[in-house]
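I'd like to ask some things about the structure below.
Just so it is clear: chains get the letters A, B, ... in the order the sequence lines come, proteins before strands, and each one is counted from 1.
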There are 2 protein chains.
Amino acid sequence: MSIGKIMVVDDDSNICELLRLYLEKEDFEVCIASNGSQALEMFEREKPELILLDIMMPVLDGWQVCREIRKKSSCPIIMLTAKGEVFDKVLGLELGADDYVVKPFEAKEVIARVKAVLRRSGDNKQKSKIVQFDNLYINMENYELRVRGKQIDTPPKEMELIYHLSSNPNRVYTRDQLLDEVWGFEYYGDSRTVDVHVKRLREKLDGVSDRWTLKTVWGVGYKFEVKEDGE
Amino acid sequence: MSIGKIMVVDDDSNICELLRLYLEKEDFEVCIASNGSQALEMFEREKPELILLDIMMPVLDGWQVCREIRKKSSCPIIMLTAKGEVFDKVLGLELGADDYVVKPFEAKEVIARVKAVLRRSGDNKQKSKIVQFDNLYINMENYELRVRGKQIDTPPKEMELIYHLSSNPNRVYTRDQLLDEVWGFEYYGDSRTVDVHVKRLREKLDGVSDRWTLKTVWGVGYKFEVKEDGE
DNA sequence: ACATTATTTAAATGTTTATTGAAAAAAGCA
DNA sequence: TGCTTTTTTCAATAAACATTTAAATAATGT
């Protein structure tokens, strides 16, 4: 599943495809424009969450594109600059670009900067990686699960399962839904697998709180049930 | 209100005043030195956040000033060079200048570069080169690692790795992240390399404290885990 | 009571990490 | 420079751990 759409603008198709390769590996969706005017048009249509923008381009150069986009949007922009143009990039930043990368670049570095800029720009739809209910604390950043403040070592699948369930309290998930959403779409295993993981989680979590419980919905699936106040 | 103090060093008072005018309009605080030795003295006293430094100056030239300041500080420095003057970029980089501007300059351009350099330096630096947890002491200034006050000879990579991990306690890093952030983007080696370094660090550090530990997060990576009080 | 669904258990399967020793690379020294 | 030592990397194996499967048992609803 895509974690965001990124528009790559460069007249060198090798560079575009290289970036596409790496970005898609990181689960970004990618669209490509090979010149400035195409970029502006595509920007309207695709509404990307971030733009990787080459400076040296035919028709409209990167700065002009940057300036145009800034007139109507604050979409993050990372400039791609050739080695010779080192000091113009400073002005690029002043025009409203968020970061820059100097060619020839390491693809890994570009990815890192994309992530950093997205993180900084904040309004990305990344939901909190922390869930807390009464004396249960789940932190997917650190892969940490705490019960009454005490850390409990938990394997990744169990971790993701309890996180998924508790992120949407009171919602019932069928086993197949859980296999799709936690294990992944391509997974084709026995749905009893879910039961086993639920069982292990219960071993760790049962009787821990009277304010929530990992409940079986008979004939349907499971839910993380949270009790209302005073109930 | 000032958004930061900038020291301007130039023997031409016209240039100094022009820069002061523009910088103050942008809410920077400005102090001015008209030669090298005055600059060094003022640097100690005023502790500016950035320095605009002319190269051609009587008494001490810009290069010498730059070198002196770099001995004790990483304060950002932008060099001012006259047109026709050959700017030695390699020398500039080696001495630690962050950017340069060629005279005659547009005041707006200087402002843009000042802001860009400040933004960059704000991203990167600011973090202490010393980390301390319980009886572990890491000093990256002089590559020194101490356990219970006793110095332990440690190879550079291990040093950088434990420093990186312990600088962000409890955060999980994947092996690839560590390769990017400790080894560098251009590194293309096997990610198992990280394991070996972790293993060596553990030989040196295991059982040393019950308040922190170098922990494996199965299926994910490693973290420097620090226990809360009373746990 | 019967059919269906859920839980538990244990064993098999698969994956990730730890450990090791040797090779390669880098750094230090004469 | 050439030699030695240290550090880093690589690759193979062993160990640890997680996940899945399958089958037996228990619970639930009609």
Side-chain angles (χ1 to χ4, degrees), chain A residues 108 138 140 143-145 151-165 172-207 213-225, chain B residues 138 140 142-145 151-165 172-207 213-225:
Chain A
K108 281 203 289 184
I138 301 168
M140 294 304 285
Y143 276 74
E144 215 180 85
L145 185 150
Q151 190 171 338
I152 295 187
D153 286 341
T154 310
K157 271 278 165 349
E158 286 174 41
M159 202 80 185
E160 286 155 24
L161 180 59
I162 185 65
Y163 172 70
H164 195 78
L165 288 166
V172 187
Y173 292 86
T174 67
R175 290 171 180 73
D176 284 339
Q177 278 178 321
L178 290 169
L179 287 177
D180 283 354
E181 291 165 28
V182 177
W183 272 254
F185 212 54
E186 67 288 346
Y187 183 85
Y188 271 110
D190 194 321
S191 73
R192 290 296 132 197
T193 294
V194 177
D195 301 27
V196 177
H197 282 84
V198 168
K199 191 241 168 193
R200 301 242 176 76
L201 279 169
R202 283 177 173 157
E203 277 170 5
K204 293 183 177 74
L205 303 176
D206 248 20
T213 168
L214 241 180
K215 196 161 185 171
T216 303
V217 182
W218 219 85
V220 185
Y222 298 98
K223 69 173 167 179
F224 184 87
E225 188 174 270
Chain B
I138 301 168
M140 293 307 283
N142 44 17
Y143 278 70
E144 208 180 89
L145 185 149
Q151 189 169 341
I152 295 187
D153 285 343
T154 309
K157 271 279 165 346
E158 286 175 42
M159 204 74 191
E160 287 155 22
L161 180 59
I162 185 66
Y163 171 70
H164 195 78
L165 287 166
V172 184
Y173 291 87
T174 66
R175 290 172 179 73
D176 284 340
Q177 278 177 321
L178 291 169
L179 287 178
D180 284 353
E181 292 165 28
V182 176
W183 273 254
F185 289 115
E186 67 285 350
Y187 183 85
Y188 271 110
D190 194 319
S191 74
R192 291 292 139 199
T193 294
V194 177
D195 300 28
V196 176
H197 284 83
V198 167
K199 193 229 169 205
R200 302 243 179 73
L201 278 168
R202 282 177 174 158
E203 278 169 3
K204 294 183 177 73
L205 302 176
D206 247 21
T213 167
L214 242 180
K215 195 162 183 171
T216 302
V217 182
W218 216 89
V220 184
Y222 298 99
K223 68 174 165 179
F224 184 87
E225 187 174 273

(message) Output the rounded distance in Å from CG (A:Leu161) to C1' (D:dT19).
(response) 13 Å
(request) May I ask you to decide whether A:Lys108 forms a salt bridge with B:Asp176, counting only side-chain N to carboxylate O separations under 4.0 Å? (result)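 Salt bridge: no.
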(request) Determine the sole option in A:Lys199, A:Arg192, A:His197 for which the side chain to side chain donor-acceptor pair (under 3.5 Å) test with A:Asp195 is passed. (result)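 Filter result, single survivor: A:Arg192.
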(request) Take the C1' atoms of the five end pairs on each side of the helix from C:dA1-D:dT30 to C:dA30-D:dT1, get both axes, and report the angle to 10 degrees. (result)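 Helix axis angle between the two ends: 40°.
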(message) Check this one for me: any side-chain N or O of B:Thr216 less than 4.0 Å away from OP1 or OP2 of C:dA18?
(response)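 It does, given that an N or O in the side chain of B:Thr216 lies less than 4.0 Å from OP1 or OP2 of C:dA18.
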(request) Determine the contact category for A:Asp195: base if any of its heavy atoms lies under 4.0 Å from a base atom, sugar-phosphate if only primed atoms, P, OP1 or OP2 are that close, otherwise nothing. (result)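 Touches a base.
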(message) What's the separation between atom CG in B:Leu178 and atom CD in B:Glu160, rounded to the nearest 0.5 Å?
(response)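 Going from CG on B:Leu178 over to CD on B:Glu160, the span is 12.0 Å.
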(request) Check for a donor-acceptor pair, side chain of A:Gln177 on one end and backbone N or O of A:Thr174 on the other, with a separation under 3.5 Å. (result) yes
(message) Any base atoms under 4.0 Å from B:Val220, or only sugar-phosphate, or nothing? Heavy atoms, all strands.
(response) sugar-phosphate
(request) Determine: side-chain N/O of A:Arg175 to OP1/OP2 of C:dT5, distance under 4.0 Å, yes or no. (result) no
(message) Of the options C:dT17, C:dT9, D:dT21, whose atoms approach the side-chain atoms of A:Asp190 most closely?
(response)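 Output: D:dT21.
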Can you pull every protein N or O that's under 3.5 Å from an N or O on nucleotides 5-8 of chain D?
residue, atom, partner, partner atom, Å
D:dT8, OP1, B:Lys157, N, 2.8

(message) From the set C:dT9, D:dC10, D:dA18, return the single nucleotide nearest to any side-chain atom of B:Val196.
(response)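 Nucleotide nearest to B:Val196's side chain: D:dC10.
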(message) Once ring pair (Phe, Tyr, Trp, His ring centres under 6.0 Å) is applied, do any residues pair with A:Tyr222, and if so which ones, sequence neighbours excluded?
(response)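 In terms of ring pair (Phe, Tyr, Trp, His ring centres under 6.0 Å), with neighbours along the sequence ignored, A:Tyr222 is linked to no residue.
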(request) State which of C:dT19, D:dA27, C:dA18 makes the closest approach to the side chain of B:Tyr222. (result)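 Looking only at side-chain atoms, B:Tyr222 lies closest to C:dA18.
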(message) Quick check: on DNA chain D, is the nucleotide nearest B:Trp218 upstream (toward 5') of the one nearest B:Tyr188, or the reverse? Name the residue that is more 5'.
(response)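 Looking at the nearest nucleotide for each, B:Tyr188 comes out on the 5' side.
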(message) Is B:Arg192 close enough to C:dT17 that one of its side-chain N or O atoms is under 4.0 Å from OP1 or OP2 there?
(response) yes
